[in-house]
Trainee: 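Could you have a look at this structure, given as structure tokens, before my questions?
For the single chain, residues carry numbers from 1 onward in sequence order.
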Amino acid sequence: MNVDGIVALVTAAGIELIDRRRNAKGDGWSLSFANGATVEVGDDGSARIAGKGSKTVRGLLDLPTAPRRT
């Protein structure tokens, strides 16, 4: 999964991208969307989703839901 593909899929669903910047480590991108979701996209293609709108974005990207820790 690449950063441009993620931005295209999420914005096509009507969720505005509000911030795009390189992450602190310099090995990927941090994306923030208007629904409260944040996506960390590694240069290696990995993706981590968090935030209030993460369930919606995860569904758009067809990624499995992470198991909850107990």
Side-chain angles (χ1 to χ4, degrees):
M1 184 136 316
N2 69 43
V3 70
D4 292 326
I6 291 172
V7 170
L9 284 170
V10 176
T11 58
I15 302 171
E16 181 183 358
L17 176 69
I18 57 174
D19 189 38
R20 174 182 174 158
R21 68 179 79 185
R22 291 293 287 177
N23 65 12
K25 289 183 171 181
D27 62 357
W29 293 91
S30 179
L31 307 173
S32 297
F33 292 94
N35 73 342
T38 59
V39 182
E40 296 291 325
V41 186
D43 291 337
D44 63 359
S46 63
R48 292 180 307 278
I49 305 170
K52 185 174 92 174
S54 62
K55 186 174 182 180
T56 301
V57 171
R58 187 176 306 281
L60 292 170
L61 301 178
D62 197 27
L63 295 173
T65 302
R68 289 185 173 238
R69 293 184 179 169
T70 56

Trainee: Are any non-hydrogen side-chain atoms of Met1 and Ile6 less than 4.5 angstrom apart?
Mentor: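 Heavy-atom side-chain distance check passes, below 4.5 Å.
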
Trainee: Pick out which of Leu9, Thr38, Val39 makes a side-chain contact (heavy atoms from CB on, under 4.5 Å) with Val57.
Mentor: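 Among Leu9, Thr38, Val39, the one that satisfies the side-chain contact (heavy atoms from CB on, under 4.5 Å) with Val57 is Val39.
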
Trainee: Give the minimum heavy-atom separation between Ser54 and Ala37, together with the two atoms involved.
Mentor: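 Shortest heavy-atom separation between Ser54 and Ala37 comes out as N-CB, 3.9 Å.
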
Trainee: Please name the pair of heavy atoms, one in Asp43 and one in Gly28, separated by the smallest distance, quoted to 0.1 Å.
Mentor: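 Closest heavy-atom pair between Asp43 and Gly28: OD1-CA, 3.5 Å.
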
Trainee: Check side chain to side chain contact (heavy atoms under 4.5 Å, CB included) between Arg20 and all other residues, then give those that pass, not counting sequence neighbours.
Mentor: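 Side chain to side chain contact (heavy atoms under 4.5 Å, CB included) check on Arg20 returns Val3, Asp4, Val7, Leu17, Trp29, Leu31.
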
Trainee: For the CD1 atom of Ile49 and the NZ atom of Lys55, what is their distance to the nearest 0.5 Å?
Mentor: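 The distance works out to 13.0 Å.
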
Trainee: Apply salt bridge (charged side-chain N to carboxylate O under 4.0 Å, His left out) to Asp19 and list each qualifying residue two or more places apart in sequence or on a separate chain.
Mentor: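 Asp19: salt bridge (charged side-chain N to carboxylate O under 4.0 Å, His left out) contacts with Arg21.
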
Trainee: Tell me, do Leu60 and Ile15 make a side-chain contact under 4.5 Å, heavy atoms counted?
Mentor: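 Leu60 vs Ile15: side chains touch.
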
Trainee: Would you compute the distance between atom OG1 of Thr56 and atom CG of Asn35 and round it to the nearest 0.5 angstrom?
Mentor: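 Between Thr56 OG1 and Asn35 CG, I get 6.0 Å after rounding to 0.5 Å.
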
Trainee: Determine, stepwise, if the pair Asp27 / Asp44 fulfils side chain to side chain contact (heavy atoms under 4.5 Å, CB included).
Mentor: CA-CA 8 Å; Asp27 62 357; Asp44 63 359; over 6 Å; no

